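Since this is a predicted model, take the numbers as computed values, not measurements.
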Amino acid sequence: PGEDDVPNFILLPLAAEALKIPFVASGGMADGRSLVAALALGAEGMNMGTRFIATKEAPVHENVKRALVQASELDTRLIMRPLRNTERVLRNTAVDKVVEIEKQKGAATTIDDVREYVAGAYVKVMQQGDMEAGAWSCGMVAGLIHDVPTCRQLVDRIMAEAESIIARRLEGHGNSATPPPELRDLQRKVDLLETEIEDLNRSMTGMRDELQFVQRLLEDPHKKKPPS
């Protein structure tokens, strides 16, 4: 499907019809609206890539986070389609060069033609903050990114938005005091996700403590790990 450009409004219901196992929606997910839409289309939750890069905990350069906040939904390009390895990336000078090469060579484009613009860019971009170093993945969802919250703030906001949409907008369209089965199912999924998020938050706290210890150990190799 990645090479066929099937949008989520078609792909997710098709997946729900074909699969017998739970699945999550991915691509263009950023807020509570995304979550409710994903649940309504048959997914059990959503996966966020670009949106999580623009969080305080994300281990990337501040220039990357700033670029995501400043970008609009029109600032990305699709590259490497002639190689059947299509990637959506944030536009920069390197990406413009790749687009130009692919336009000139078409189906005859090879990886050697674009290698210098796509290979090894992630370290320079993500860690060193050189935003023109090469192509790096970024979704059109950048247009929905307006801030750089903590992961917890982001997830809490998403859950609050989702619950508000279900309770006020969807249930409000019905006259019955009892919500229809579809809305009860959405609410059940949201409740399950909240439980999973709490578990994840506890796990992240433990991982953060371990990471802090490793950082201290790198600074002082003779430091002993405190008892748990």
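Side chain of Lys65 to backbone of Thr55: a donor-acceptor contact under 3.5 angstrom is found. With Thr109 contributing its side chain and Pro82 its backbone, the two residues share no donor-acceptor pair below 3.5 Å. Without hydrogens or angle criteria, Asn63 side chain to Met131 main chain gives no donor-acceptor distance under 3.5 Å. In this structure a side-chain-to-backbone donor-acceptor pair under 3.5 Å is missing from Asp156 to Gln153. Using a distance-only test at 3.5 Å, with no hydrogens or angles considered, no donor-acceptor pair links the side chain of Asn47 to the main chain of Ser26. In terms of modelled atom types and a separation under 3.5 Å, the side chain of Asn92 and the main chain of Ala135 share no donor-acceptor contact.
Separating the CD1 atom in Ile165 from the CG atom in Leu35 is a distance of 8.5 Å, to the nearest 0.5 Å.
Applying the 4.5 Å side-chain rule to ILVMFWY residues, one finds that Val24 remains a lone member of its cluster. Counting Ile, Leu, Val, Met, Phe, Trp and Tyr side chains that sit under 4.5 Å apart, directly or through other members, Val118 shares a hydrophobic cluster with Ile79, Met80, Leu83, Val89, Val95, Val98, Val99, Ile101, Ile111, Val114, Tyr117.
Taking all atoms of both residues into account, the shortest heavy-atom contact from His61 to Val125 is CB-O, 4.0 Å.
In this structure, Arg51 pairs ionically with Asp147, as a charged nitrogen and a carboxylate oxygen lie closer than 4.0 Å. The residues Lys103 and Glu100 are annotated as not salt-bridged, no charged nitrogen and carboxylate oxygen being separated by less than 4.0 angstrom.
Side-chain contact annotation: Glu132 with Thr93, donor-acceptor N/O pair under 3.5 Å present.
Within a 6.0 Å radius of CZ in Arg91, no more than 12 heavy atoms belonging to other residues, nucleotides or ligands are found.
Listed by first and then second residue, the salt bridge (Lys or Arg N to Asp or Glu O under 4.0 Å) pairs that reach into residues 30-43 are Asp31-Arg33, sequence neighbours excluded.
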